[in-house]
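Atoms within each ligand, like the ligands themselves, are counted from 1 in listed order.
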Amino acid sequence: MENIRNFCIIAHIDHGKSTLADRMLQQTNTITDREMQNQVLDDMDLEREKGITIKSHAIQMEYDFEGTPYQFNLIDTPGHVDFSYEVSRAIASCEGALLVVDATQGIQAQTISNLYLAVNHDLDIIPIINKIDMDAAMVDDVKDQIVDLLGCKRDEIICVSARTGFGVDLVLESIITRIKPPSGDSNAPLQALVFDSVFNSFRGIIAYFRVFNGTLKSGDKVKFFNTGKTYYAEEIGYMKMKLMPKQEIKAGEVGYIISGMKNAVDVKVGDTLTNFENPCKTSIAGFEDVKPMVFAGIYPVDNDAYEDLRASMEKLQLNDASLTFEPESSLALGFGFRCGFLGLLHMEIVQERLFREFNMDVITTVPNVSFKVYTTKKEIIDVHNPSGLPAATLIDYIDEPIIQAQVITKSEYLGQVMKLCIDKRGILKSQIFLTSDRVELTFTMPLSDIVIDFYDKLKSISRGYASFDYFLNGYQRADLVKLDILLNGEMVDALSSLIHRDYAYNFGRKMCEKLQELIPRQQFDIAIQAAIGAKIIARETVKAVRKDVTAKCYGGDISRKRKLLEKQKKGKRRMRQVGNVEVPQEAFLAILKLD
Ligand code: GTP
C-alpha cells in the first residue's frame with residue numbers, strides 16, 4: 001500500500017484538468033503519443049463539445065520514482081454544480097487532490113466549493129497554477145490568492161503548462177512525496193466505495209470502486225450495502241487505457257466490477273460494496289439517494305412519436321440513473337413525460353442526447369423546481385408541475401426549495417451582481433474580499449429563481465467574470481400563485497407557472513409581451529392573456545396577417561410554389577397547434593427569455 005497514491009484533480013471548468021491529465025498519462029507512458037487523442041478522459045462527444053467532464057472516470061498509471069514503482073490512481077471529477085454529489089464521492093475515494101487554477105483566471109467559485117469538500121475529507125492538497133505559458137498569466141496574483149485560500153507557502157505551489165508539458169514531472173514527483181499512501185486492512189471484511197458507474201451495451205453496468213478494507217476476489221458473492229442487492233463478481237480489474245482483469249483487488253486500490261447488472265439504477269454511486277458471506281459492519285458514510293432538482297415536460301413534436309420517445313428515454317436511463325421520468329399529458333402538447341434532472345445543464349444534455357443519439361425531436365417546457373404543497377387535509381404533496389397544483393381551496397400553504405449560493409466576481413461588477421441576486425429574492429449572507437478586486441458573495445435564495453435565467457444573466461452582467469455555485473439548504477414557506485396564459489381564451493397548461501405573488505403582475509405582463517414577439521402572425525388576431533385564477537392581469541394581441549404567402553405564386557412557377565410550401569413546412573417542425581393557434585417551441589420557453 002506504501003506504493004499506491006489515489007488522487008483527483010479539482011479545477012474550475014476550463015482551467016485545464018483534462019489537459020493536465022493527458023500530459024500525466026503521456027509522461028507515465030500509460031498512453032503512447034500515437035494513441036493520444038486530445039482529452040482522453042472525456043470520452044463522450046457531447047462532453048468534448050461542451051468542454052465539461054460529465055461522468056467521472058478513473059485511470060491507473062505506473063510511475064517509477066528513484067527506482068521504486070508506484071501505482072497512481074487518478075479519479076476524474078465532473079466540474080459542474082449539477083454533479084456535485086458525484087464529485088463528493090470521487091473525493092471521498094482519494095487521499096490527495098491536485099488543485100488546478102488557471103493563471104489567467106484565478107480562483108473561481110467551483111474551485112472553492114470542491115476544495116472545501118477535499119479539505120473536509122482531509123485530503124492532501126497540491127496547489128498547481130496552470131497555463132503559465134499564456135501572455136495573460138498573472139502568476140504572482142494567483143499565488144497570492146492560493147496562499148490566502150490554503151494558508152500554504154508560496155514555494156509549495158507548482159507552476160505548469162499542461163499544454164507544453166512544462167512542470168508536469170514535478171507534479172508526478174510531488175504526488176509521491178506530498179500525498180499520503182492509503183491505509184486499511186486487506187484482511188478485514190470487504191468495504192469498498194462505489195464512486196461511479198457506466199453503462200456498456202455489451203457488458204452491462206461497470207461499477208468503479210475504491211477498496212478501503214478487505215480484498216475483493218474474482219467470483220466472490222458481493223452485496224451493495226444500501227440497496228441490499230447481491231451479485232457475483234464476474235470480472236474485476238484495474239482501469240488502464242482498457243479494462244485489465246485481475247484475480248483480486250486489495251485495500252487501498254481502485255478497480256472495476258462487472259457482475260450482470262443491467263441498469264444504471266441497479267448500482268448507486270456512494271453505495272458500499274461488501275462481501276455477502278462476510279459483510280463489513282458499517283457502510284461508508286455519505287451515501288445519498290440523489291434527487292432530481294429541476295423538472296420539465298418533454299413532448300414529441302410529432303404526437304405519433306410518443307412510444308418512440310418512451311423507448312429512447314428508457315435507453316437513456318440505462319446509463320443515466322439520475323434521470324427520472326413519468327408519463328404526463330398536457331392539453332396543449334398531448335402525451336409526453338415529466339422528467340427530473342439534477343440541474344439545468346443535465347436537462348440540456350438529456351435534450352441534446354435525445355436528439356443526437358435517438359433522433360427524437362422534442363418540445364421541452366419551462367423548467368421548474370419541486371414544491372411541497374401542504375393541503376387542508378394535512379397531506380404533503382410534491383408538485384413537479386404547476387398544472388399539478390391542487391385547487392386553491394385545498395392548499396394550506398406551499399414550501400419551496402432554498403439554496404445557499406456563492407458568487408465570486410470582480411469588484412467592479414459587485415453592484416450589478418448584488419442587484420441581480422436581490423431581484424431573484426436573494427438575501428445577502430456575507431461579502432468577503434478575496435483580494436482587492438475579487439469578492440465572494442454568499443446568498444440564500446429560492447432555487448426556482450435560479451432555474452429560470454439566473455446563470456445567463458449573471459454571465460452577461462459580469463461579462464463572464466463571475467462564477468457561481470450552490471447547494472440545497474432546505475425548504476421555506478412561499479407566497480406563490482399560479483399564473484396561467486390564455487391564447488384566444490384557451491388556457492395553455494404548458495405555459496403555466498408558479499410564481500411569487502409580488503412578482504406576478506410584472507411577470508404576467510412580460511410573458512404576454514414576449515409571447516407576442518414569438519408567436520407568428522396568422523390569418524386572424526390572437527389574444528394573449530395572463531391570468532391568476534379568473535382574473536386577467538395582462539393582455540397583448542398578435543395582429544392577423546393580411547396576405548396569403550402563396551398568393552403571389554398562383555399561375556406562376558409551380559416548383560417555386562412547392563419550395564415555398566416546403567420551407568413553411570420545415571418552419572413548422574417545432575410548432576404546436578393550441579386551439580386554432582400555432583405556437584412555436586420557443587414560445588414554450590418564453591419565460592427563459594424575459595428581460
Ligand atoms: P472541463 O473538462 O470543462 O472541466 O475543463 P478542463 O478543466 O478539463 O479544461 P481542459 O483541459 O479542457 O482545458 C481547457 C482549455 O484550456 C483547452 O482549450 C486547453 O487546450 C487549454 N489549456 C489547458 N492547459 C493549458 C495550458 O497550460 N496552456 C494553454 N495555453 N492552454 C491550456
Side-chain angles (χ1 to χ4, degrees), residues 7-27 30-31 33 36-59 74-88 90-91 94 97-115 117-118 125-139 141-143 146 157-172 196 198 342-346 348-349 352 408 455 459 464-465 467-469:
F7 62 97
C8 58
I9 305 180
I10 294 175
H12 192 74
I13 288 165
D14 277 350
H15 282 201
K17 183 181 58 181
S18 309
T19 314
L20 178 65
D22 289 353
R23 289 295 93 71
M24 297 202 296
L25 294 178
Q26 270 178 313
Q27 294 207 10
T30 312
I31 182 169
D33 293 350
M36 182 83 209
Q37 359 143 251
N38 268 339
Q39 302 181 9
V40 281
L41 286 189
D42 294 348
D43 58 6
M44 262 165 67
D45 268 3
L46 203 59
E47 286 186 44
R48 196 159 305 167
E49 230 162 81
K50 288 203 180 277
I52 293 159
T53 315
I54 294 163
K55 292 295 284 179
S56 41
H57 301 274
I59 192 153
L74 166 58
I75 295 177
D76 192 25
T77 53
H80 191 274
V81 286
D82 286 7
F83 307 101
S84 55
Y85 174 68
E86 292 187 16
V87 178
S88 86
I91 284 174
C94 299
L98 311 181
L99 174 71
V100 175
V101 183
D102 184 328
T104 68
Q105 301 278 317
I107 286 168
Q108 301 289 332
Q110 193 70 46
T111 329
I112 296 197
S113 53
N114 286 350
L115 177 69
L117 275 176
I125 312 285
I126 302 178
I128 295 170
I129 298 181
N130 185 30
K131 307 197 189 180
I132 59 162
D133 58 294
M134 288 181 68
D135 289 341
M138 316 171 290
V139 174
D141 285 1
V142 178
K143 274 192 179 169
I146 293 176
I157 302 169
I158 304 177
C159 292
V160 309
S161 164
R163 175 163 288 173
T164 65
F166 175 86
V168 174
D169 48 345
L170 269 180
V171 174
L172 292 169
D196 195 17
V198 294
L342 297 175
L344 284 180
L345 177 75
H346 186 211
E348 234 180 86
I349 290 167
E352 196 62 31
I408 296 184
Y455 199 45
K459 273 197 291 200
Y465 283 107
S467 55
F468 167 68
D469 198 9

message: Once side-chain contact (heavy atoms from CB on, under 4.5 Å) is applied, do any residues pair with C8, and if so which ones, sequence neighbours excluded?
response: I10, T77, I91, C94, A97, L123
- request: Report yes if I132 has an N/O atom closer than 3.5 Å to an N/O atom of ligand 1; otherwise report no.
  value: no
- prompt: Counting heavy atoms only, which of I10, D135, D133 comes nearest to atom 29 (C) of ligand 1?
  reply: D133
task: Could you list the atoms of ligand 1 found under 4.0 angstrom from a heavy atom of H12?
output: 7 (O)
query: Any idea which part of T19 is under 4.0 Å from ligand 1, heavy-atom wise: side chain, backbone, both or neither?
result: both
- prompt: Can you tell me if R23 uses its side chain to pair, donor with acceptor, with the backbone of G165 under 3.5 Å?
  reply: no
task: With atom 7 (O) of ligand 1 as the reference point, say which of K131, K17, R163, R23 has the nearest heavy atom.
output: K17
- prompt: Minimum heavy-atom separation for Q27 to D169, with atom names?
  reply: OE1-N, 3.7 Å
- request: Return yes or no for this condition: an N or O of I13 is under 3.5 Å from an N or O of ligand 1.
  value: no
- prompt: Taking only residues two or more places apart in sequence or in another chain, which ones pass side chain to side chain donor-acceptor pair (under 3.5 Å) with N130?
  reply: none
field: Nearest non-hydrogen partners of V160 and V168, listed with the distance
entry: CG1-N, 4.4 Å
message: Once rounded to the nearest 0.5 Å, what's the spacing between atom CG of D102 and atom CE of M134?
response: 6.5 Å
field: Option whose closest heavy atom lies nearest to atom 9 (O) of ligand 1, chosen from G165, G16, A21
entry: G16
